[in-house]
Amino acid sequence: MPELPEVETILTALKPVTIGQRIVRTEVLRQSMVQEPLKIKRLVKNIRVLDLRRHGKYLFINLENNLTLVLHLRMSGRLAVRKISDAEFRHERLRLVLQKNLVLVFNDPRTLGRIFLAPTDSLASHPRLKLLGPDALTVSQRKFIDRLKARKGVLKAVLLNQSFVAGIGNIYADETCFRTRLDPRRKVQTLSKPEREKLHRAAIATLKKGIRNRGTSISDFLGLHGKPGINQNSLSVYGRKGRPCRSCGTILKSTKIQQRTTVWCPECQR
DNA sequence: ACATCGTCCTGCGCGC
DNA sequence: TGCGCGCAGGACGATG
């Protein structure tokens, strides 16, 4: 589920709850989602949260002792904060017990989410992170275009590739393509310079709109405090196959690109 | 470097 | 109302 705007929305809500607080202990409820669960339980205990960060769809909980807890929500992961005495959520997989009787809970019905611990000073060289491209929200036009030059293949696939830029998933890839009026099936090597520049601006504008709307809540996503986003109400193409284009009225088409449903306007997008 | 496929899981909505 | 099926916003690894 969560792409960059959803992770950013969670991050914003999570900061005031966690920064400066102590993690009293860690409870691992689903071992398969956690790398080295015993090590995490041993080390993420009575330890202070220094800072929270995000890169692409990854969330980093920067702790004392040169440790960073890395979370990826994948398709169905959610973070929530509750009181210890509150009822459990249905699919709790990891619990970070905080001070003040609060618990930060990683819920994930499909258990595809991933959690691991890495040294803060060498995060960038961690095998799971070292191939990530620059964060899609802040990448400069220069860097974006340089990196695009090195790519082949169809536009949508490149946007989804986290080693190109990090943070764009299926929804925001389709929405970015529509905003640029580019056909998601276009080979990136056929894009003109103005089209490449437009693509960079459109990707950032699409992500920023998602953040302003506190994320897209199609089926899974809720903010930290259980509040849905509103971006789903103003999507141009994602999830609108067979419905009229908001711009020209043409019926939107759908295909699979990299096994991901892709929706676009055959009239507006070329 | 790229494309395709299978895999990890559970829940939901749809058609019958 | 119940059942089976296909689909789901992600990423990785194997294979070609």
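Since this is a predicted model, take the numbers as computed values, not measurements. Throughout, protein chains are lettered first and strands after them, A, B, ... in sequence-line order, and every chain is numbered starting at 1.
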If you assign A/Tyr238 and A/Arg128 each to the DNA chain C nucleotide with the nearest heavy atom, which residue ends up on the more 5' nucleotide? A/Tyr238
Listed nucleotide nearest any side-chain atom of A/Gln258, set B/dA3, C/dA8, C/dC12: B/dA3
Would you mind classifying the nucleic acid contact of A/Lys187 as base, sugar-phosphate or nothing, using non-hydrogen atoms under 4.0 angstrom? nothing
Looking at A/Lys256, does any N or O in its side chain come under 4.0 Å of the phosphate oxygens OP1/OP2 on C/dG6? no
Spacing between A/Met75 atom CE and C/dA11 atom P, to the nearest angstrom: 10 Å
Closest to the side chain of A/Arg74, out of B/dG6, C/dG10, C/dC12, is C/dG10
In dot-bracket form, how is DNA chain C paired, counting a Watson-Crick or G-U wobble pair only if both its distances are under 3.5 Å and using | for bases paired to another strand? .|||||||.|||||||
Give every residue pair that meets the side-chain hydrogen bond (donor to acceptor under 3.5 Å, both in side chains) criterion with at least one member in residues 123-141 of chain A, sequence neighbours excluded. A/Arg54-A/Asp135
Gap between atoms CE and C1', on A/Met33 and B/dC9 respectively (whole Å): 10 Å
Minimum heavy-atom separation for A/Ile251 and A/Pro266, please, with both atom names. O-CD, 3.6 Å
Without decimals, in angstroms, what is the distance between A/Ile168 CD1 and C/dA11 P? 11 Å
Could you work out the separation of C/dG6 and B/dT7 based on their P atoms and round it to a whole Å? 15 Å
Would you mind writing out the side-chain donor-acceptor pairs for residues 110-119 of chain A within the sub-3.5 Å range, not counting sequence neighbours?
residue: A/Arg114; atom: NH1; partner: A/Thr111; partner atom: O; Å: 3.3
residue: A/Arg114; atom: NH1; partner: A/Leu112; partner atom: O; Å: 3.3

Which nucleotide in the list C/dC7, C/dG10, B/dG6 gets nearest to the side chain of A/Thr261? C/dC7
Whole-Å distance separating the CG atom of A/Leu73 from the C1' atom of C/dG10: 11 Å
What integer distance in Å separates A/Leu222:CG from C/dG9:C1'? 14 Å
Under 4.0 Å between a side-chain nitrogen and a carboxylate oxygen: does that hold for A/Lys193 and A/Glu197? yes
Determine the contact category for A/Ser32: base if any of its heavy atoms lies under 4.0 Å from a base atom, sugar-phosphate if only primed atoms, P, OP1 or OP2 are that close, otherwise nothing. nothing
Measure the distance from CZ on A/Arg240 to C1' on C/dG9 and round it to the nearest whole Å. 18 Å
Between B/dG6 and C/dC7, how far apart are the P atoms? Round to whole Å, please. 14 Å
Give me the residues of residues 129-163 of chain A where at least one heavy atom lies under 4.0 Å from an atom of DNA chain C, by number, or none. A/Gln162
So which residues get pulled into A/Ile230's cluster when ILVMFWY side chains under 4.5 Å apart are joined, directly or through others? none
Side chain to side chain donor-acceptor pair (under 3.5 Å) against A/Ser85, all qualifying residues, sequence neighbours excluded: none
Restricting to pairs with a member in residues 245-268 of chain A, which pass salt bridge (Lys or Arg N to Asp or Glu O under 4.0 Å), not counting sequence neighbours? A/Glu267-A/Arg270
Report yes or no: is the cationic atom of A/Arg181 (NZ for Lys, CZ for Arg) under 6.0 Å from the centre of the six-membered ring of A/Phe178, at an angle within 45° of the ring normal? yes
Between P of C/dG6 and CD of A/Gln259, the distance in whole Å: 16 Å
Using the test salt bridge (charged side-chain N to carboxylate O under 4.0 Å, His left out), find all partners of A/Glu195 that sit at least two apart in sequence or belong to another chain. A/Arg186
Just the table, please: protein N/O against nucleotides 10-14 of chain B N/O, every pair under 3.5 Å.
residue: B/dT10; atom: O4'; partner: A/Pro109; partner atom: O; Å: 3.2
residue: B/dG11; atom: OP1; partner: A/His91; partner atom: NE2; Å: 2.9

With sequence neighbours left out, write down each residue that passes salt bridge (charged side-chain N to carboxylate O under 4.0 Å, His left out) with A/Arg185, or none if nothing qualifies. A/Asp183
Identify, with sequence neighbours excluded, every residue that meets salt bridge (charged side-chain N to carboxylate O under 4.0 Å, His left out) alongside A/Lys149. A/Asp146
Of all pairs that satisfy salt bridge (Lys or Arg N to Asp or Glu O under 4.0 Å), the ones with a partner from residues 202-214 of chain A, not counting sequence neighbours: none
Whole Å only: how far is the CG atom of A/Asn107 from the P atom of B/dC9? 18 Å
